[in-house]
*Asks:* 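Supplied in structure tokens, the structure appears directly below.
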Amino acid sequence: IQQYAVQIYFAVEILSVMLVFALVNDTDYNQQFWIVILLLMPGFGFVLYFFWGSKRRNSALNKNIRRIESEMCKRLTQDSVVMEEFAKIHPNKIQIARYLEKEGYPLYKNTRVKYYPLGDDMEKEFLHDLEKAKKYIFMEYFIVYKGDWWQRIVKILQKKVKEGVEVRLLIDDFGCLMMDVRNLKKDLRNKGIQICSFGPIDRRITAMSFNYRNHQKITVIDGSVGYTGGINLADEYINKIVRFGHWKDTAVRLQGEAVWSLTNIFLEMWEESSQKKDKNPMEYTPREIPAEDSFVQPFAGGPHRNPNNPVEGVYSRMINKARDYVYITTPYLVLDGKLLDNLIQAAQSGVDVRIITPHIYDKWYVYMVNISNYGKLVQNGVRVYEYTPGFIHAKNMISDDECAVCGTINLDYRSLYIHYENGVLLSENEAVLKMRDDFMETLEQCEEIHYTEWKKRPIHQKIVQWILRLYSPLL
């Protein structure tokens, strides 16, 4: 071994590179990252890859999700009249709606939309809607955590079960790591609440993965009312407790036809997690259909869709189709080359591109990457701001007073390529303008990043940021 140590080392490294090209099929950027890791850290690099990058598009998990999703899409049919009407009103944005429809997510009308600029604003109506449930409540969240809000929700759910309402809760096992998930399941099942966790991390060591988590946040009540956005079920999201200053988050409430897509997105992830198929999903169709002229298009995506992931595709198209402005709020600004180029090209073509990120962070290493991305953006005309009162967790994109997206999608590599996410494309309703106004009001509580000041960062900070950017697919 001593005699041939150098030859063995290079043989292992070459084999490592070949394995990465064979196994990692998300993006060229991801391949390059893992090659660097394996070259810099032979041996340990494989351990990192095992936990953070080993699951592939054609894993058993993603094959199963694609199978379930193909059945789901058969239940989601597009009304051609609605699409034609949207094309006449917004010929510049119709490509976005058509793209989502091609990916299996119809465009609806007859859906009332309400936008919540804060979790605090959503709290009361959310609980009231749960209280009104007659048939079923479906809830899917990345994080639930003990506290006042969660206890009030559980109390209502327990009451609804006694009234004969079907209640299901789907959580992400990694997202709820701070909870005692085993006791949580036992307690809720004793109360008659069905609970299931996505991607259990305690089953066996070979099944562990810190990637490919279910980051979706959905509540559906009787098929007629649905909620989604950035808000998890924990007290900080509604400012009942203080974590990282004032917590700025957003959500939307849907009532009507479009809730059917949210219901199916939930049922898809529930079937994969529980390994139980609903005998008749059509029994969960919407009951109350208000007459509304707005356009609403819920959608979802995940690594099973790469390289054609709808969550990345919607954001890219929103940026590229903007004529006057595109406003973005995101807690994490961890960009790959494609999205970075899209933002810069939009700004250089005269579009007013503005991004709000947090000033008070929840993860210092991600914040360092945020800062490192500011320079190239600001230098090329993108205006970047930090929300000074606290942590902004909202995931919004608004463009041209014509359309907007509210959902769970961060502007980072993790959300766009390796997590399961969902969102709602909105148009021709008051919520779009309220999202725009909320963005402008939030700007008044922000500090703008200027290139000359950004360049004056201490040298040690620049070094740390440069290193962390190399590891951005892990963040």
Side-chain angles (χ1 to χ4, degrees), residues 113-131 139-157 169 171-172 175-179 215-219 225-254 327-333 355-364 366-367 370 385-398 404 406-411 415 423-424 431 434-447:
V113 183
K114 185 172 183 177
Y115 171 69
Y116 302 99
L118 288 171
D120 320 26
D121 301 326
M122 185 191 85
E123 174 191 4
K124 186 175 181 181
E125 192 162 11
F126 181 82
L127 295 176
H128 182 63
D129 282 332
L130 292 179
E131 289 272 15
M139 306 180 79
E140 176 182 359
Y141 286 89
F142 182 62
I143 294 173
V144 301
Y145 193 68
K146 56 188 177 184
D148 176 69
W149 198 32
W150 174 239
Q151 289 304 314
R152 283 187 289 153
I153 290 171
V154 171
K155 187 176 180 180
I156 294 172
L157 298 182
L169 173 65
I171 60 174
D172 184 87
C176 295
L177 196 61
M178 300 305 292
M179 287 279 279
H215 197 242
Q216 296 176 0
K217 302 164 186 68
I218 293 171
T219 289
V225 173
Y227 286 84
T228 192
I231 300 168
N232 284 298
L233 305 183
D235 282 354
E236 62 267 31
Y237 291 86
I238 58 171
N239 288 293
K240 286 290 182 183
I241 62 172
V242 176
R243 288 189 72 207
F244 319 117
H246 183 262
W247 195 289
K248 166 72 174 170
D249 218 328
T250 60
V252 289
R253 177 186 186 271
L254 309 182
Y327 298 155
I328 302 166
T329 59
T330 180
Y332 312 123
L333 193 63
I355 304 172
I356 299 177
T357 67
H359 180 69
I360 300 177
Y361 50 83
D362 65 336
K363 302 177 181 70
W364 71 269
V366 180
Y367 181 63
N370 281 4
Y385 303 79
E386 287 188 346
Y387 178 68
T388 56
F391 184 63
I392 187 164
H393 191 253
K395 303 104 165 39
N396 293 346
M397 183 177 289
I398 315 105
C406 180
T408 70
I409 309 158
N410 297 314
L411 207 65
S415 273
V424 182
K434 286 191 173 182
M435 290 173 70
R436 177 205 62 193
D437 293 343
D438 179 42
F439 184 92
M440 300 309 292
E441 290 170 9
T442 305
L443 279 185
E444 298 174 4
Q445 299 174 282
C446 296
E447 290 182 356

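We count residues from 1, following the sequence as given. Keep in mind that the numbers below use all heavy atoms, side chains included, and drop hydrogens, waters and symmetry copies. Everything quoted here is computed from the prediction, not taken from an experiment.
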*Asks:* Can you list the residues that meet the ring-ring contact (aromatic ring centres under 6.0 Å, His included) rule with Y237, with sequence neighbours excluded?
*Replies:* W247, H393
*Asks:* Indicate the atoms forming the closest heavy-atom contact of A251 with I231, along with that distance.
*Replies:* CB-CD1, 3.7 Å
*Asks:* Working to the nearest 0.5 angstrom, can you tell me the gap between M440 CE and D437 CG?
*Replies:* 9.0 Å
*Asks:* Taking only residues two or more places apart in sequence, or in another chain, which ones meet Y385 in a ring-ring contact (aromatic ring centres under 6.0 Å, His included)?
*Replies:* none
*Asks:* So, taking the atom named CD1 in I360 and the one named CZ in F244, what distance separates them when rounded to the nearest 0.5 Å?
*Replies:* 10.0 Å
*Asks:* What's the spacing between I218 CD1 and Y141 OH if we round to 0.5 Å?
*Replies:* 8.5 Å
*Asks:* Just jot down the salt bridge (charged side-chain N to carboxylate O under 4.0 Å, His left out) partners of K248, sequence neighbours excluded, or say none.
*Replies:* D438
*Asks:* Parallel, tilted or perpendicular: which one describes the rings of Y367 and H359, with boundaries at 30° and 60°?
*Replies:* perpendicular
*Asks:* Is the shortest heavy-atom distance from the side chain of M397 to the side chain of Y327 under 4.5 Å?
*Replies:* no
*Asks:* Closer than 3.5 angstrom, by distance alone: can the side chain of S415 be matched with the main-chain N or O of I409 as a donor-acceptor pair?
*Replies:* no
*Asks:* Taking side chain to side chain donor-acceptor pair (under 3.5 Å) as the test, write out the residues that go with Q445, two or more places apart.
*Replies:* none
*Asks:* Measuring only between side-chain heavy atoms, which start at C-beta, is L254 closer than 4.5 Å to V225?
*Replies:* no
*Asks:* Does a side-chain heavy-atom distance below 4.5 Å link T442 with Y387?
*Replies:* yes
*Asks:* When you measure from the side chain of N370 to the backbone of L333, do you find a donor-acceptor pair of N or O atoms at a distance under 3.5 Å?
*Replies:* yes
*Asks:* Check ring-ring contact (aromatic ring centres under 6.0 Å, His included) between Y116 and all other residues, then give those that pass, not counting sequence neighbours.
*Replies:* none
*Asks:* Evaluate L443 against I356 for side chain to side chain contact (heavy atoms under 4.5 Å, CB included), listing each step before the verdict.
*Replies:* CA-CA 8 Å; L443 279 185; I356 299 177; 3.7 Å; yes
*Asks:* Please tell me if the side chains of P117 and D121 come closer than 4.5 Å, counting only heavy atoms from C-beta onward.
*Replies:* yes
*Asks:* List the steps, then state whether side chain to side chain contact (heavy atoms under 4.5 Å, CB included) holds for M139 with L157.
*Replies:* CA-CA 11 Å; M139 306 180 79; L157 298 182; 3.9 Å; yes
*Asks:* Is there a side-chain contact between C406 and V252, using heavy atoms and a 4.5 Å cut-off?
*Replies:* yes
*Asks:* Sequence neighbours left out, what passes side chain to side chain donor-acceptor pair (under 3.5 Å) with T329? Give chain and number order.
*Replies:* none
*Asks:* Side chains of residues 143-151: which donor-acceptor pairs under 3.5 Å do they make with residues two or more places apart or in other chains?
*Replies:*
{"residue": "D148", "atom": "OD2", "partner": "R152", "partner atom": "NE", "Å": "3.2"}
{"residue": "D148", "atom": "OD2", "partner": "R152", "partner atom": "NH2", "Å": "3.2"}

*Asks:* Does T250 form a side chain to side chain contact (heavy atoms under 4.5 Å, CB included) with L118? I'd like the steps, not just the answer.
*Replies:* CA-CA 5 Å; T250 60; L118 288 171; over 6 Å; no
*Asks:* Are the side chains of E125 and K114 in contact, using a 4.5 Å heavy-atom criterion?
*Replies:* yes
*Asks:* When rounded to the nearest 0.5 angstrom, what is the spacing between NE2 in H128 and CD in E123?
*Replies:* 14.0 Å
*Asks:* Sequence neighbours left out, what passes side chain to side chain donor-acceptor pair (under 3.5 Å) with R253? Give chain and number order.
*Replies:* D129, Y227, Q255
*Asks:* Would you kindly say whether Y115 and N396 are connected by a side-chain donor-acceptor distance under 3.5 Å?
*Replies:* yes
*Asks:* Could you tell me if the side chain of K395 sits less than 4.5 Å from the side chain of P331, heavy atoms only?
*Replies:* yes
*Asks:* Please enumerate all residues that pass side-chain contact (heavy atoms from CB on, under 4.5 Å) together with I156, with sequence neighbours excluded.
*Replies:* L127, L130, E131, K160
*Asks:* Would you give the length of the straight line joining atom CG of N239 to atom CG of D120, rounded to the nearest 0.5 angstrom?
*Replies:* 4.5 Å
*Asks:* NE2/H246 to OG1/T388 distance, rounded to the nearest 0.5 angstrom?
*Replies:* 11.5 Å
*Asks:* Please identify each residue that fulfils salt bridge (charged side-chain N to carboxylate O under 4.0 Å, His left out) with D172, with sequence neighbours left out.
*Replies:* R213
*Asks:* Could you check whether any side-chain N or O of K217 sits under 3.5 Å from a backbone N or O of H215, counting only pairs where one atom can act as donor and the other as acceptor?
*Replies:* yes
*Asks:* Is there a side-chain contact between T219 and F126 in this structure, where contact means two heavy atoms from C-beta onward sitting under 4.5 Å apart?
*Replies:* yes
*Asks:* Just jot down the side chain to side chain donor-acceptor pair (under 3.5 Å) partners of Q216, sequence neighbours excluded, or say none.
*Replies:* none
